[in-house]
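In what follows, every heavy atom counts, from backbone to side chain, and hydrogens, waters and symmetry copies are set aside. First the proteins, then the strands, lettered A, B, ... as listed; each starts at 1.
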Amino acid sequence: MIESLDAIVNTLASVLLVVLMIPLLLTVFRMIVGPGYADRFIAFDMLSAVAVGLAALTAAITDRREFLDVALAVALIGFLATCALAGLLEKRKGDEE
Amino acid sequence: MTALLALIFKIVGVGFLFVAAIGVIRFTDSFQRMHAATKAGTLGASLVILGSIISQNTPGATTMGLLTIVFLLLTVPVAGHMLGRAAYISGAGMAGLRGPDELEGILERQKASLEDRVDGRAINPRFSRPAPEKYLRVPSVEDEPQERLRDLEEVRLAIIEDTVDTVVPRALAIAASNDAHLSAYTLIDKRAIEATRDPRIARADIRARAMRAMAELESLKGDSSAKIELTYDEGDPEKLLACRDEGKTLLVLPRDGWFHHGSDHPRPGMSWDPDGLLRLPAVHRGPVLYVGGSKQVGNLVVVRDLGEPHLFKALDWSLRSSVWGDPRIVISGKTSRERLGRFRLIAARYNRPCEHEDSALEGDIVLPQGLHHAQAILLGREPRPLRTRWYGQPWYDRLIPNYRGDVLIVCA
């Protein structure tokens, strides 16, 4: 009984992994479409959040805690990249001459 | 059991990520999209991690997972704030904004968004659908109410030391010509006392100054038959002067000074120069007159037109209450023909000549050279930034250098 419940829960977690592809695709759509740079950077921020979720789900499914390290690393990279992109957006003056 | 709990956490987390992605897709502008991405996105990712550590149930995984959640909670708000600030400064579109732009004049903002500046082309119109009609904040002439502000019935004047002799005669004259009730407010800003090094000494000093100002009022009133109702209070002037009766009450203020009556007892290392005077039009919803007090100014009233829909009412009110005698009126700004027509109509109602000086007023820059002898300026909103002094320059000098006349501010 317990084993079968575990199996079902595990399968459902895999289903969630597939379900998470939809937000991923929606965010990628926003990233491609834009329309502005700001929207693309925000889509990137969102993308890193989805990636953290994916890594955490993978950790649960495969039962390997290394994927949680991956989640932390992705969150870290996402934060640094967002900061850098925000700096770019703020400083970039464009062609104003 | 724990497996089920873990699953619930994961499902809820994925749900939040889903909602966040839908928000990123469907919201109108970058700022709203960011609001979806940062809040719901963080919560979703954190819940999925929580579910994952519950299902693993090992010390290593728990440490790592909790560490990641804490890291997310710490960094995402920072990143979101930076990104929002950068998006505002870079001029990203704000099609979904409903109220006024509160940051205007506080942060420097580019006129066009980055992609327009870099590519010099319009955004791909296929994907940038316009905001729904109800979210647009651009006021149009048609849907604006036609009614006027109410007739002037009460003149409130602020009694502040050193400015009594300029404010009182004007207030008396306006009240007399409108047959209005006159009430003088002698207020003391409590925060000004509390911000000082020694509140006891400061309080005594400020009270003494206020008394002197009131004595001056008595002497200026002289034997004139005008009855002045005197109010004395200590507290927050912004609360004490709050009022919203749409033109029934005129607040007469000096251009400088505050309800600390010029006292100066700052804490060490802290210079204290209150900006409350410019915040009063926002709490006194109606006309606020800043008296310049100079007699040698022309017979000209400048209406600075930044497209405010209530500016017609304001002009109508100021002419009806004859705040300035019989002035010539100049509308300054990028006024459309339609708006100009309405201004002319109002001026004609009171037999006043009305001209238009086309000038590309961008925010709160100086008015054009030809208008520097103005007797008064009519503004539809407070000048931004809301600082009585900005880099050493008093706020009225930002409108016209060495300006001597009045400023009438009527907020919507």
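Expressed to the nearest 0.5 Å, how far OG of B:S55 lies from CG of A:D63 amounts to 7.0 Å. With rounding to the nearest 0.5 angstrom, the CG atom of A:L89 is 11.5 Å from the CZ atom of B:R85. From B:L7, atom CG reaches atom CD1 of A:I8 across 10.5 Å, with rounding to the nearest 0.5 Å. The distance from atom CG of A:L12 to atom CD1 of B:I8, rounded to the nearest 0.5 Å, is 11.0 Å. Separating the CZ atom in A:F67 from the CD1 atom in B:I49 is a distance of 14.5 Å, to the nearest 0.5 Å. A:D39 CG to B:D29 CG: the interatomic distance, rounded to the nearest 0.5 Å, is 8.0 Å.
Only the side chain of B:F71 comes within contact range of chain A, with heavy atoms under 4.5 Å apart. Neither the backbone nor the side chain of B:I54 comes within contact range of chain A; no heavy atoms are under 4.5 Å apart. When heavy atoms are compared at a cutoff of 4.5 Å, B:L50 does not approach chain A at all. Only the side chain of B:L72 comes within contact range of chain A, with heavy atoms under 4.5 Å apart.
The side-chain heavy atoms of A:T82 and B:M82, taken from C-beta on, include no pair separated by under 4.5 Å. Counting heavy atoms from C-beta outward, A:I22 and B:F18 have side chains that approach closer than 4.5 Å. Using a 4.5 Å heavy-atom threshold, the side chains of B:I53 and A:L68 count as touching. Looking only at side-chain heavy atoms (C-beta outward), A:L72 and B:M64 come within less than 4.5 Å of each other. The closest side-chain heavy-atom distance from B:V14 to A:L57 is below 4.5 Å.
Closest approach of B:A86 and A:A86 over heavy atoms only: CB-O, 3.1 Å. Heavy-atom minimum distance, B:G41 versus A:A49: O-CB, 4.1 Å. Contact record, A:A59 with B:Q56: O-NE2, 2.8 Å, taken as the closest heavy-atom pair. When all heavy atoms of A:G53 and B:L17 are compared, the pair lying nearest together is CA-CD1, 4.4 Å.
Of the listed residues (B:G84, B:A45, B:A61), the one with the most heavy-atom contacts under 4.5 Å to chain A is B:A61. When each of B:I69, B:T58, B:I11, B:V19 is scored by its heavy-atom pairs under 4.5 Å with chain A, the top score falls to B:I11. Contacts with chain B were tallied for A:D45, A:L85, A:L76; A:L76 has the most, counting heavy-atom pairs under 4.5 Å. Top candidate by heavy-atom pairs under 4.5 Å with chain B, chosen from A:D69, A:V52, A:V19, is A:D69. With chain A as the partner, the residue from B:G60, B:A36, B:G65 showing the most heavy-atom pairs under 4.5 Å is B:G60. With respect to chain A, the highest number of heavy-atom pairs below 4.5 Å among B:G80, B:S30, B:A20, B:A37 belongs to B:S30.
Under a 3.5 Å cut-off, the side chain of A:E90 and the backbone N or O of B:A87 do not form any donor-acceptor pair.
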### Task
Could you give me the CA-CA distance, side-chain angles and deciding distance for A:F29 and B:I25, then say whether side chain to side chain contact (heavy atoms under 4.5 Å, CB included) is met?
CA-CA 8 Å; A:F29 174 75; B:I25 284 292; 3.3 Å; yes
### Message
Go through it in stages, so that I can follow the logic: the residues are A:L26 and B:I22, the test is side chain to side chain contact (heavy atoms under 4.5 Å, CB included), and I'd like the CA-CA distance, side-chain angles, deciding distance and then a yes or no.
### Response
CA-CA 7 Å; A:L26 290 178; B:I22 291 172; 4.1 Å; yes
#### Entry: From CA spacing to verdict: side chain to side chain contact (heavy atoms under 4.5 Å, CB included), A:M46, B:T38
CA-CA 7 Å; A:M46 180 67 212; B:T38 47; over 6 Å; no
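Around CZ of B:F16, the count of heavy atoms belonging to other residues, nucleotides or ligands within 6.0 Å does not exceed 12.
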